[in-house]
Amino acid sequence: MILVFEFSLSKELEFFREVVREFAEEEIAPIADRIDLEERVPMNLVKKMCEMGLMGVPVPEKYGGAGLGEMGYAVLLEELGRVSNSIATTVGAHTGLVLNPLWIFGTEEQKEKYLVPLARGEKIGAFALTEPNAGSDAASIQTRAVKEGDSYVLNGTKIFTTNGGIADVILVFAVTDPALGARGGVTCFIVEKGFPGFKVGVEERKLGIRGSSTAELTFSNCMVPKENVLGQVGYGFIVALTTLDGGRGTLSAGALGGAQSILEEMVKFVKFRDATGNKISDRQMVQWLIADTAMEVEAARYMVYHTVSLIEKYYTTLASGKRVSRVFREKLSRKTAIAKAYVSEVASRAVERGLQLFGATGYIEGLGIERAYRDSIIGEIYEGTNEIQRWIIARDILERGLD
């Protein structure tokens, strides 16, 4: 049997891409290096994005979003990643890791109170899972939540929280029943920055994505109302895994944008003539650098949007209250792991080739390649290292086969 895969975006999404690209090139690209040097989130730029409705792209309009689904969200991240990984990371953590789980698992009251203002960009969200002793092994989290009356008391520390220093609403994962382990003993809580006992700790200085906030969060007898449990008590690990499955797929869209940008810069650069008067592009080695990057970017684009189309089906089904088969869920986890690992490494290889091509010129600050080199590696680390993705891929293949 011959399988035919044809893919194209709707006219609505193609128009949306044009709008976002124009905004990105006019408003973000000119200040991308300054954002990096100042090492802070440009809140004035975030405000402009809010006004354009870019902070809630996948969320249905009834909850304050643009209603463009995961496909629209992937388009957004690709175009943002093309000019600034810092901005793509800020939007990604807010949208993919906070808005989506609120839409899928939240009660109507939670959606009205938190999802609507977050989708409108009136508030910023963060996702707090990682701890000093629980990184890739998220099941080892130690933050505790103990029920007292109509509230839960949280105690613990989260680290490497993207948007942690600027967030108004944080999804926090804590152990509610140690005896049940990760699968039934972890719960997700919606925490507001004004809750007593919550504090933003150290804001990290980073190698790359310097224009995004990465912070430590501490909870010292932090009181959280019981109605702020997201999903159900003991359901936190499911919330986290569902969120990260989708996040990994759309994260790859941002990496795709970064790779595309490097390819464009490489093509521009090789059209100049060298000191001998010959075109740099006449050299076979240079042509191969271009060809190898173009092949990988082309493959990555199909992989990203095919994977995101499955994520959209997955999230829409869950949000409607319907069940998703275990087979589909496991297959999706494998596909998002493949997309995340492959495309993030495509971006890293593109930058390495670009730096090789640009030589000393690319090593200098202010020309984009140097910043892209520092920014690209995080794609192989956050939302599950690529080593973990390979483990997910291999385990699923060995258990279920290659179908």
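Predicted model only: the values in this text are computed from it and were never measured. Heads up: numbering here begins at 1 and tracks the sequence.
- For Tyr114 and Glu192, the side-chain atoms include at least one donor-acceptor pair closer than 3.5 Å.
- Side-chain N/O atoms of Thr89 and Ser212 include no donor and acceptor closer than 3.5 Å.
- Under a 4.0 Å N-O distance rule, the pair Glu383/Lys340 does not qualify as a salt bridge.
- Judged by distance alone, with hydrogens and angles left aside, the side-chain atoms of Asp245 form no donor-acceptor pair with the main-chain N or O of Ser333 at under 3.5 Å.
- Ring-centre distance between Tyr363 and Phe358: not below the 6.0 Å cut-off.
- Contact check on Arg82 versus Glu25 returns a salt bridge, with a Lys/Arg side-chain nitrogen under 4.0 Å from an Asp/Glu carboxylate oxygen.
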Could you pull out every donor-acceptor pair under 3.5 Å between side chains of residues 95-106 and any protein atom, sequence neighbours left out?
unit_1 : atom_1 : unit_2 : atom_2 : d
Thr95  : OG1    : Met55  : O      : 3.3
Thr95  : OG1    : Val91  : O      : 3.1
Asn100 : ND2    : Glu70  : OE2    : 3.1

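- No more than 12 heavy atoms of other residues, nucleotides or ligands shown are found within 6.0 angstrom of OH on Tyr373.
- Ion pairing between a basic and an acidic side chain is recognised when a charged N comes within 4.0 Å of a carboxylate O; Asp168 and Lys123 show no such pairing.
- Under the side-chain hydrogen bond (donor to acceptor under 3.5 Å, both in side chains) criterion, Glu108 pairs with Tyr63, sequence neighbours left out.
- For NZ of Lys206, the number of neighbouring non-hydrogen atoms (other residues, nucleotides, ligands) closer than 6.0 Å is greater than 12.
- The local environment of NZ in Lys147 is crowded, with over 12 non-hydrogen atoms from other residues, nucleotides or ligands closer than 6.0 Å.
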